Structures are given as C-alpha cells and as structure tokens.
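Sequence positions, counted from 1, serve as the residue numbers for this chain. These numbers come from a predicted model, not from an experiment.
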Amino acid sequence: MKISDTYAAAKVPAQITAMFWLLKLLTTGMGEAMSDFMGQHSVPIAAAVGIFGLWVALWLQLRQREYRAPFYWFAVMMVAVFGTMAADGIHDGAGIGYAVTTPLFALITAGIFFAWYRSEGELSIHSITTKRRERFYWAAVLATFALGTAAGDLTGIQLNLGFWPSVLLFAGIISVPAIGWWRFDLNPIVGFWFAYVVTRPLGASFADGFSKNTNGGLNLGDGTVAGVALLVFIALVAYVTVTKRDGSVIDAHARHAHPLAHPPAPHPTAALTPEAD
C-alpha cells in the first residue's frame with residue numbers, strides 16, 4: 001500500500017460518545033424530513049440536490065487526511081438525505097413494497113460488510129486509516145441508511161403500526177446491543193453496527209411523528225421539522241468542532257506521540273464503542 005493511501009489517524013471520531021449518537025439520530029430524522037420536503041415540491045430538484053450534495057460531501061470528506069467534524073458530519077447528513085431518497089425512490093418509483101426492499105437492503109448491507117471484512121480482516125471504525133477502508137465505511141453507512149429507511153417505513157406505514165409506536169419499538173431494539181455490550185460481553189463492533197442501523201428508523205420515526213399528518217403524526221410539516229433539525233445540527237457540529245468533545249483532542253495527542261500510530265482505544269465507559277486496532 002502506498003504511503004499516500006494511509007492516513008495519520010482514523011477518519012472517524014476517536015470516541016463513540018453520547019454526542020456521536022445524538023448527532024447520528026439527528027441526521028437520520030433530518031434526512032427523512034429534508035428528503036420528503038424536497039420530494040413533495042420537485043422530484044428532479046430533490047434528486048439533483050441529493051446526488052450532487054452526496055458527491056460534494058464525500059469528495060470533501062475523502063480529501064481530508066484526518067477526522068474533521070464539519071466534513072465528517074456533512075457527509076453523514078448527505079448520506080442520510082440520499083439514503084432516504086434511494087429507499088423511497090425504489091418503493092414509490094418501482095412500486096416495490098417495503099416488505100421486499102427491507103430484506104433487499106439488508107442483503108446489500110451484509111454483502112458490503114462481507115466484502116469489507118474479506119478485504120481488510122476487520123470492521124472496526126477505528127481502523128479507518130486507509131482510503132480503501134474509508135470507501136468501504138461510507139458504502140456501509142449508505143447501505144445502513146437505506147436499510148433503516150425501509151425498515152422504519154415498513155413498521156410505521158405499511159404495517160400501520162404508527163410513528164410513535166415505531167419510536168418505542170426501535171428504542172427497545174436499540175437497547176439490545178447496549179445491554180448486550182454492558183452485561184453480556186457482546187462484541188463491541190457487532191454492537192456498534194447493530195445500533196448504527198437501528199438509529200435510522202428510530203430517528204426517522206421521530207421526524208415523521210412530528211411532521212406527518214397521518215399514522216399519529218403531529219402535522220408540523222416536513223419543512224419545519226427539517227429546518228429546526230438543521231439548525232440544531234449546525235449548532236452541535238460547531239460545538240464539537242470548537243470544544244473537541246468528540247475525541248479530536250485525543251487524536252491530536254496520539255499523532256503528536258507517534259504520527260503513524262493507530263488511534264487510541266475507546267474510553268472504557270463509552271457504550272457501543274468498537275475496539276481499536
């Protein structure tokens with residue numbers, strides 16, 4: 001592997017903390033509301049924003065040599081928007097039910113993880129220190145967003161469970177890896193990716209519960225929910241960028257001590273944190 005293909009530090013937050021999960025949930029809800037809002041006004045414009053926005057976000061993120069919060073979270077946000085569009089586009093455009101697209105996206109996600117593990121021998125996000133691993137990572141993130149979108153719409157709409165009961169359902173499901181990691185020594189990498197997938201339908205169910213006028217929604221509107229979520233998202237990303245509360249300081253110290261070292265191990269009290277290399 002060429003030296004230029006290796007990063008000095010992992011391209012993800014050094015610690016997976018409560019702030020990480022809060023931002024992740026926020027991007028999922030925001031992606032759902034933004035995608036629906038744009039799609040209701042103009043499908044061509046929504047598609048252009050989703051595709052071009054994703055390309056710009058990933059281009060900027062892949063150009064970084066280390067984790068930088070604004071670029072990383074902008075990429076996550078655009079993956080959320082595009083992943084929602086992809087799942088909804090297949091359902092609405094091709095008329096394929098969520099009962100079909102949910103297992104389909106599950107197979108695609110599993111295939112990406114299989115290829116990633118076969119190529120790299122691990123799935124820890126703290127090993128994202130090469131360009132190839134980062135490409136696998138973002139492919140997996142995109143697939144998990146599409147899978148989560150389909151799963152959330154399957155329970156909330158197609159199975160007519162409703163948005164707020166879906167919130168309770170997925171909140172219960174996401175507690176499984178947390179409890180498994182805490183009490184039963186669940187593999188932290190398995191726990192992380194399990195929770196990562198479930199945050200998508202959980203966040204989207206929250207957003208739909210506030211924005212929609214059906215299935216128990218509060219009818220605040222997709223535009224309102226997307227706008228409020230975006231403002232909170234910008235504020236939180238600015239906060240972690242300035243305060244380094246997302247582990248950036250730890251990365252900097254590690255690079256100072258050994259510029260080619262792997263990132264430090266996660267904090268022992270951080271739940272659902274993949275093991276470092």
Side-chain angles (χ1 to χ4, degrees), residues 12 16 21 24-25 27-29 31-32 35-36 50 54 58 75-76 78-125 128 133-163 165-181 186-208 215 272 274:
V12 299
I16 305 305
W21 292 113
K24 174 62 170 61
L25 280 168
T27 61
T28 64
E32 176 79 8
S35 176
D36 289 348
L54 178 66
L58 290 179
V76 174
M78 290 312 306
V79 168
V81 173
F82 183 82
T84 301
M85 291 180 177
D88 289 345
I90 292 175
H91 174 264
D92 297 334
I96 302 176
Y98 293 119
V100 176
T101 59
T102 299
L104 173 63
F105 284 126
L107 288 174
I108 293 173
T109 302
I112 292 171
F113 281 132
F114 176 78
W116 182 358
Y117 187 82
R118 185 174 183 180
S119 173
E120 305 301 311
E122 60 182 315
L123 298 175
S124 170
I125 66 167
I128 311 300
R133 290 178 182 179
E134 187 175 15
R135 293 188 182 102
F136 275 122
Y137 172 73
W138 287 109
V141 169
L142 179 57
T144 62
F145 268 98
L147 169 59
T149 298
D153 288 341
L154 173 65
T155 62
I157 299 176
Q158 190 162 326
L159 297 181
N160 202 33
L161 183 61
F163 297 126
S166 292
V167 168
L168 296 177
L169 171 65
F170 290 114
I173 293 175
I174 203 172
S175 70
V176 172
I179 295 172
W181 178 87
L186 176 68
N187 181 288
I189 298 174
V190 174
F192 171 83
W193 284 112
F194 187 119
Y196 199 93
V197 172
V198 180
T199 56
R200 181 62 183 87
L202 176 59
S205 297
F206 260 116
D208 285 339
N215 298 90
L272 304 181

| message | Students often mix this up, so state it plainly: with edges at 30° and 60°, are the rings of W116 and F113 parallel, tilted or perpendicular? | response | parallel
| In Å, rounded to the nearest 0.5 Å, how long is the span from OG1 of T102 to CD of Q158? | 8.0 Å
| query | Do you know which two heavy atoms are closest between I189 and S124, and how far apart they sit? | reply | CD1-CB, 3.7 Å
| said: Checking side-chain polar atoms at under 3.5 Å, does S166 have a donor or acceptor matched by the opposite partner on T155? | reply: yes
| note | Correct closest heavy-atom pair for A140 and W193 would be CB-CH2, 4.4 Å
| message | Which residue in the set V197, T109, V76 passes side-chain contact (heavy atoms from CB on, under 4.5 Å) when paired with F145? | response | V76
| field | Side chain proximity check, I16 to W21, heavy atoms < 4.5 angstrom | value | yes
| request: Check whether any side-chain heavy atom of Y137 sits under 4.5 Å from a side-chain heavy atom of V12, and report yes or no. | output: yes
| With side chains defined as the heavy atoms from C-beta onward, is the minimum distance between D153 and D208 less than 4.5 Å? | yes
| message | Quick check for you: to the nearest 0.5 Å, what is the distance between L123 atom CG and I112 atom CD1? | response | 11.5 Å
| field | Taking every non-hydrogen atom, the tightest pair across L154 and A99 | value | CD1-N, 3.7 Å
| said: Quick check for you: to the nearest 0.5 Å, what is the distance between N160 atom CG and N215 atom CG? | reply: 5.5 Å
| Min side-chain heavy-atom separation V81-L54 under 4.5 Å | no
| query | Of L202, V198, L168, which meets side-chain contact (heavy atoms from CB on, under 4.5 Å) against I173? | reply | V198
| G191 to P177 - nearest heavy-atom pair and separation | O-CB, 3.6 Å
| field | Between CE on residue M78 and CG on residue L142, distance to nearest 0.5 Å | value | 11.5 Å
| request: For the residue pair R200 and T84, confirm or rule out a side-chain donor-acceptor distance under 3.5 Å. | output: yes
| said: Using 0.5 Å steps for rounding, measure from the OG1 atom of T28 to the OH atom of Y196. | reply: 10.0 Å
| request: Would you give the length of the straight line joining atom CD1 of I157 to atom CZ of F163, rounded to the nearest 0.5 angstrom? | output: 4.5 Å
